[in-house]
Amino acid sequence: VAAEVIALCDADSYRLRPATFDDAERLFAWRNDEATRAASHNTEPVAWETHVAWLQGALRNPDRRLIIAERSGEAVGVVRVDRSDDIYELSWTIAGNQRGRGVGAAIVAMVARGIPEAIRAEVKVGNNASARIAIKAGMHFTEERAGVMHFARDARIASNHYPSCS
């Protein structure tokens, strides 16, 4: 995944940083949050051992980045970026106490600005908040298939490969 995606970036009072294993408990809690599970492809709770194995693999995977967003020193969400054939798939989870405050739209847009290649996202039908986040990040609705809305943005020309923090 392009290095620009994990560049530390301060904008709109948010700081983006790469996730580390020190984030394991936080990511586990966010993943097993009832609202997060309802919006996920897999709605079952994840066991700690399964989560740890997934996180270790994710942190080693050169085609995946987990980006933690912080505001005023508090972690407020995570954006996962997966690269496949020069298309970057974004997915995100926002801390329960931060939902409904525009956090998702801000941090996903920040990450999307740092990716000049094509991006996409899958959002379960009925998850209107994530659909709005995808649109605010510059993606457009392309289709609905099997209960999933698909969003995409074509590659764009960028003067450089670093996130625009303005």
Side-chain angles (χ1 to χ4, degrees), residues 1-33 35-37 39-42 45-99 101-123 129-130 133-134 136-139 151-153 155-156 158-166:
V1 172
E4 68 273 9
V5 174
I6 63 166
L8 296 182
C9 181
D10 289 289
D12 306 320
S13 303
Y14 295 97
R15 178 179 180 264
L16 302 180
R17 65 168 176 82
T20 69
F21 195 77
D22 290 341
D23 294 302
E25 289 183 23
R26 170 184 300 114
L27 293 170
F28 178 71
W30 289 349
R31 169 56 183 91
N32 279 327
D33 172 84
T36 299
R37 288 194 348 261
S40 298
H41 291 302
N42 176 2
V46 174
W48 173 251
E49 296 78 17
T50 302
H51 172 71
V52 167
W54 172 85
L55 181 58
Q56 289 172 330
L59 294 174
R60 285 192 305 264
N61 186 341
D63 291 322
R64 173 172 284 173
R65 290 293 180 265
L66 300 176
I67 303 167
I68 301 290
E70 296 177 338
R71 186 172 200 178
S72 301
E74 177 186 359
V76 296
V78 61
V79 180
R80 189 182 80 213
V81 181
D82 290 309
R83 182 180 66 187
S84 176
D85 299 323
D86 292 326
I87 297 174
Y88 291 75
E89 182 171 350
L90 307 184
S91 60
W92 49 89
T93 300
I94 306 307
N97 67 346
Q98 297 295 317
R99 294 184 187 130
R101 299 179 179 190
V103 171
I107 66 174
V108 175
M110 285 174 67
V111 171
R113 281 194 306 260
I115 303 172
E117 293 83 5
I119 61 173
R120 59 183 232 91
E122 294 182 357
V123 177
S130 283
I133 289 169
K136 288 181 180 180
M139 292 179 258
F151 294 85
R153 184 201 73 199
R156 60 180 173 75
S159 59
N160 64 49
H161 289 257
Y162 294 95
S164 168
C165 294
S166 56

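Numbering starts at 1 and runs along the sequence shown. When reading the values below, keep in mind they use all heavy atoms of this one structure, side chains included, and skip hydrogens, waters and symmetry mates.
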Solution key, residues 46-59 side-chain donor-acceptor pairs under 3.5 Å, sequence neighbours excluded:
residue: His51; atom: NE2; partner: Ala24; partner atom: O; Å: 3.0
residue: His51; atom: NE2; partner: Phe28; partner atom: N; Å: 3.4

- Task: Kindly give the heavy-atom pair with the smallest separation between Ala75 and Arg26, and that separation in Å.
- Result: CB-NE, 3.2 Å
- Side chains of Ile119 and Val81 in contact at under 4.5 Å (non-hydrogen atoms): no
- List the atom of Ala121, the atom of Leu90, and the distance in Å for their closest heavy-atom pair. CB-O, 3.6 Å
- pair Glu117-Ile87: side-chain heavy atoms closer than 4.5 Å: no
- Query: Given side chains that start at C-beta, do those of Asp33 and Thr93 come closer than 4.5 Å, heavy atoms only?
  - Reply: no
- Message: Show the nearest heavy-atom pair for residues Ala137 and Ala112, with the distance to one decimal.
- Response: O-CB, 3.6 Å
- Query: Is there side-chain contact between Asn42 and Arg31, with at least one heavy-atom pair below 4.5 Å?
  - Reply: yes
- Item | Met110 and its side-chain contact (heavy atoms from CB on, under 4.5 Å) partner, picked from Ile67, Leu16, Val79 | Leu16
- Applying salt bridge (charged side-chain N to carboxylate O under 4.0 Å, His left out) between Asp82 and each of Arg64, Arg65, Arg120, report the one that passes. Arg64
- Task: Kindly compute the distance separating CG (Asn61) from CZ (Arg83), expressed to the nearest 0.5 Å.
- Result: 9.0 Å
- Message: Any non-hydrogen side-chain atom of Ile107 less than 4.5 Å from a side-chain atom of Trp92?
- Response: no
- Task: Please report the C-alpha distance between Thr36 and Arg99 in whole Å, then the side-chain angles of each, then the deciding distance to 0.1 Å, and finally whether the side-chain hydrogen bond (donor to acceptor under 3.5 Å, both in side chains) criterion is met.
- Result: CA-CA 11 Å; Thr36 299; Arg99 294 184 187 130; 2.9 Å; yes
- Item | Where Lys136 and Ala105 come nearest, the two heavy atoms and their spacing | CD-CB, 3.7 Å
- Nearest-0.5 Å distance that lies between atom CD1 in Ile115 and atom CG in Asp86: 12.0 Å
- Note on the structure: d(Asp23 CG, Leu66 CG) to nearest 0.5 Å is 9.0 Å
- Does any non-hydrogen side-chain atom of Glu74 lie less than 4.5 Å from one of Gln98? yes
- Message: On a heavy-atom basis, which atom in Ala106 and which in Tyr14 lie closest, and how many Å separate them?
- Response: CB-CE1, 3.6 Å
